[in-house]
Trainee: 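The following block contains the structure, expressed as structure tokens.
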Amino acid sequence: MLLNFSEKLELVNKWRMQRISNRNFLVILAFIVGIAGGLAGSLLKLMTHSIAKFLQDDIDWHYKYSIYLFFPLIGIFLSVLFVRKFIRGKKLEHGITPIIYAISRRSSKIDGHHVYSQIVTSAITVGFGGSCGLEAPIAFSGSAIGSNIGRIFGLSYKEVTMLLACGAAAGIAGAFNSPVAGMIFAIEILLPEFSIPAFIPLLISSALSAVISRILYAEPLFHPIATDWEVGGIVFYILLGGLVGLYTIYFSKVSQLVKNWFGKIQNPYNRVWLSGISLGVMIFIFPALYGEGYLAIQNMLDGHFNAIVKNSLFVEYRDMAWVVVLYTVLTLFAKSFASLFTLSGGGNGGVFGPSLVMGGMLGFAFAYGVNLTGFVQLNVPNFVMAGMAGALAGIMHAPLTGIFLIAEITGGYTLMVPLMLVASISYFINRGALKYSIYTQVLAESGDLLSYEDKDRTVLSMMKLRYVLETNFVVLRPQETPTDRQSDIIHSKRNIFPIVDEKGKLVGVIYSERLFSILLGEEEGRDQTFESLAQRPADLIMESENMEDVMVKMNKDDVWILPVVNQEYQYLGFVSKSSVFNKYRGLLIRQGQYLE
């Protein structure tokens, strides 16, 4: 049956290659990816909110609220259990980082199970109260849809990458009902260098996904509430931008600390217990941490400023304005740990949503606190929205995504100037302290980041030593003489010969110029052993070294070729600048085609 499907697919491919150009076919596939992304986004939101509604409203059980705080623990446990039982032998990754890695290192290949596994695990995690967002999982699911559709039709790396980006854009557009933000997200995060033709498939996928999402799940993320802004408030927007920028630096550093801490815990179920119980305790103190947290932001936008204190241990102080501000600030910092604990413990989600919530809370605390001084009265909802844009811009290094996303989902196009100010200031402060975003830091440290700021270094980091290793050399033994190997030496097309003993260890090298001189009688040594004639190479390359180190060694000694050995100094082959340059040229061509 599988064979028949492959044969039919091959026939379809042959027909479309004869009748449809690749560019037009890519547009057709962008339609399909957009529709599939919209369906996936709608399904994820429907599943998540159905689970949440069932747990919170539909279960009529007297003791339900006695285990309410354990729901996040149950959700994380079920998510881990699903992965271990139903995705055996494969890894479930979360966040945007693996998508960027797939583009840089895996020829834009994403395992097919991510199409559904991202939806199931994130719906369980967030539906049960996990303090993270749905946006990264749906972007991952959309990327997997685009990647696998492209691979099914045998498209090139450039075209598969474009469909992957279309899927991510469709996911974001469907999750937020914001097609412009979806398209800009794909360009800013996944396609940092693009050309105008790249807009067309992205526009199609984003728009279709938003339409499908609105038809199937019309409930908006936030209800439009934007009002005009006053020029006199510009100074305060600038101050908010600086404050949000500093907070994004804090969050990025805490994120790395929490990941490292949980990474030391080997048993996955121990991570589940630790994260689940810690999350339950935090939710007990700060109820707004339960789930995505968008309800708390909507209350702030609606003017219900003390709603965040309701249902908490401090409900009796809800009419004390400074208590509300202080409690919001504490909730803000608790949200950073709650989201990171959820993800590091085994739950599936992303920091996209938490970034919006944290930025909104910071904007609220700032504006409401300034108003309490009595010196000025700021429009609090406007600052909530500006804080959301600033947090997204700083944490993700995506200012345009932050600006247009908030403008679309809140109807805040009248706030474009404040959004631009806060987002740009936050971005530049974070970028000044941290060169890489929360998504790219790990990839940059491991040399797996596709960067356009230092193309030489990036292309070298993409190379693997094994791909430029050359082995077609005549190997000489230490006890042999030039006379013994005269025929092999004369007919060799190489100008260097490795001298290797019986155990495979490299004794030295000798160049053809010297060997020909010996064989022609211009120099003594016809009957000397190669061990006595061996020369020490200028340097050795270890098989574990990266290509950047290899080029440093070659340039340091101004040599064209160097031998490669393993940890036991056994000979493996040679690396030459010619092979490196050929591979380098191929990768540059690939990068150039990537977004033509």
Side-chain angles (χ1 to χ4, degrees), residues 131 133 221-227 229-230 233-248 250-251 285-312 314-315 317-336 338-339 353-395 402 405-407 409-412 415 418-419 421-423 425-426:
S131 193
L221 193 63
F222 297 108
H223 298 284
I225 33 64
T227 57
W229 58 281
E230 297 180 3
I234 286 293
V235 173
F236 294 98
Y237 284 113
I238 293 172
L239 291 175
L240 176 63
L243 197 60
V244 174
L246 294 174
Y247 181 83
T248 62
Y250 152 81
F251 181 75
I285 303 171
F286 306 102
L289 300 181
Y290 188 91
E292 295 168 291
Y294 291 144
L295 180 60
I297 299 300
Q298 184 63 60
N299 283 328
M300 293 173 184
L301 295 175
D302 290 339
H304 305 146
F305 299 148
N306 64 354
I308 194 169
V309 184
K310 290 182 179 179
N311 301 321
S312 75
F314 307 95
V315 62
Y317 303 105
R318 65 182 179 276
D319 295 324
M320 300 177 64
W322 282 109
V323 171
V324 174
V325 173
L326 179 60
Y327 186 77
T328 301
V329 172
L330 293 176
T331 305
L332 162 67
F333 283 93
K335 180 67 176 179
S336 63
S339 60
S355 299
L356 294 177
V357 174
M358 290 184 290
M361 288 182 178
L362 186 53
F364 165 77
F366 174 79
Y368 194 49
V370 168
N371 286 351
L372 292 179
T373 65
F375 295 113
V376 66
Q377 286 298 308
L378 303 177
N379 187 312
V380 176
N382 285 359
F383 278 80
V384 172
M385 289 183 279
M388 293 164 71
L392 209 60
I395 292 173
L405 177 64
I406 302 308
I409 64 178
T410 62
L415 292 178
L419 292 178
L421 276 175
V422 176
I425 292 171
S426 174

Trainee: Quick one, Y237 and N382 - any side-chain contact, counting heavy atoms below 4.5 Å?
Mentor: yes
Trainee: Measure the OG1-CE distance between T331 and M358 for me, rounded to the nearest 0.5 Å.
Mentor: 12.5 Å
Trainee: Below 4.5 Å, heavy atoms only, C-beta onward: do V370 and F366 meet side chain to side chain?
Mentor: yes
Trainee: Look at atom OH of Y317 and say whether more than 12 heavy atoms of other residues, nucleotides or ligands are closer to it than 6.0 Å.
Mentor: no
Trainee: So which heavy atom on V384 is nearest to which on M300, and how close?
Mentor: CG2-CB, 4.2 Å
Trainee: List in chain and number order the residues that pass side chain to side chain donor-acceptor pair (under 3.5 Å) with S426, two or more places apart in sequence or in another chain; answer none if no residue qualifies.
Mentor: none
Trainee: Would you say the ring centroid of F305 lies under 6.0 angstrom from that of Y368?
Mentor: yes
Trainee: Of all heavy-atom pairs between L330 and F286, which one has the smallest distance, and what is that distance?
Mentor: CB-CE2, 3.7 Å
Trainee: Taking the side chain as C-beta and beyond, is there a heavy-atom pair between L356 and I406 under 4.5 Å?
Mentor: yes
Trainee: List in chain and number order the residues that pass side chain to side chain donor-acceptor pair (under 3.5 Å) with S312, two or more places apart in sequence or in another chain; answer none if no residue qualifies.
Mentor: none
Trainee: Evaluate the criterion side chain to side chain contact (heavy atoms under 4.5 Å, CB included) for residue pair I425 and I238; output intermediate values, then yes/no.
Mentor: CA-CA 7 Å; I425 292 171; I238 293 172; 3.8 Å; yes
Trainee: A side-chain contact here means heavy atoms from C-beta on lying under 4.5 Å apart; do V324 and F364 qualify?
Mentor: yes
Trainee: Sequence neighbours left out, what passes side chain to side chain donor-acceptor pair (under 3.5 Å) with Y250? Give chain and number order.
Mentor: S336
Trainee: Where is the tightest heavy-atom contact between A288 and M361, given as atom of each residue plus distance?
Mentor: CB-CE, 4.4 Å
Trainee: How many angstroms lie between atom CG of N379 and atom CE of M385, to the nearest 0.5 angstrom?
Mentor: 7.0 Å
Trainee: To the nearest 0.5 Å, tell me how far K335 NZ sits from F333 CZ.
Mentor: 15.0 Å
Trainee: Can you find a pair of side-chain heavy atoms, one from L243 and one from L362, that are under 4.5 Å apart?
Mentor: yes
Trainee: Quick one: CD1 on I285 to OH on Y327, what's the gap to the nearest 0.5 Å?
Mentor: 8.5 Å
Trainee: Got a second to check how far I297's CD1 is from L301's CG, nearest 0.5 Å?
Mentor: 7.0 Å
Trainee: Measuring only between side-chain heavy atoms, which start at C-beta, is R318 closer than 4.5 Å to V323?
Mentor: no
Trainee: Can any side-chain N or O of N371 pair as donor or acceptor with the backbone N or O of L378 at less than 3.5 Å?
Mentor: yes
Trainee: Parallel, tilted or perpendicular, judged at 30° and 60°: which one describes the rings of Y247 and F251?
Mentor: parallel
Trainee: Given L289, which partner from the list P354, S131, S339 fulfils the side chain to side chain contact (heavy atoms under 4.5 Å, CB included) test?
Mentor: S131
Trainee: So do the side chains of V357 and E292 get within less than 4.5 Å of each other, counting heavy atoms only?
Mentor: no
Trainee: Might you point out which heavy atoms bring G390 and V422 nearest each other, and give the distance in Å?
Mentor: CA-CG1, 3.9 Å
Trainee: For a side chain to side chain contact (heavy atoms under 4.5 Å, CB included) check, start with the C-alpha distance between F236 and L240, then their side-chain angles and the critical distance, and finish with the verdict.
Mentor: CA-CA 6 Å; F236 294 98; L240 176 63; over 6 Å; no
Trainee: Calculate, to the nearest 0.5 Å, the distance between atoms CG and CG belonging to L392 and L419 respectively.
Mentor: 11.5 Å
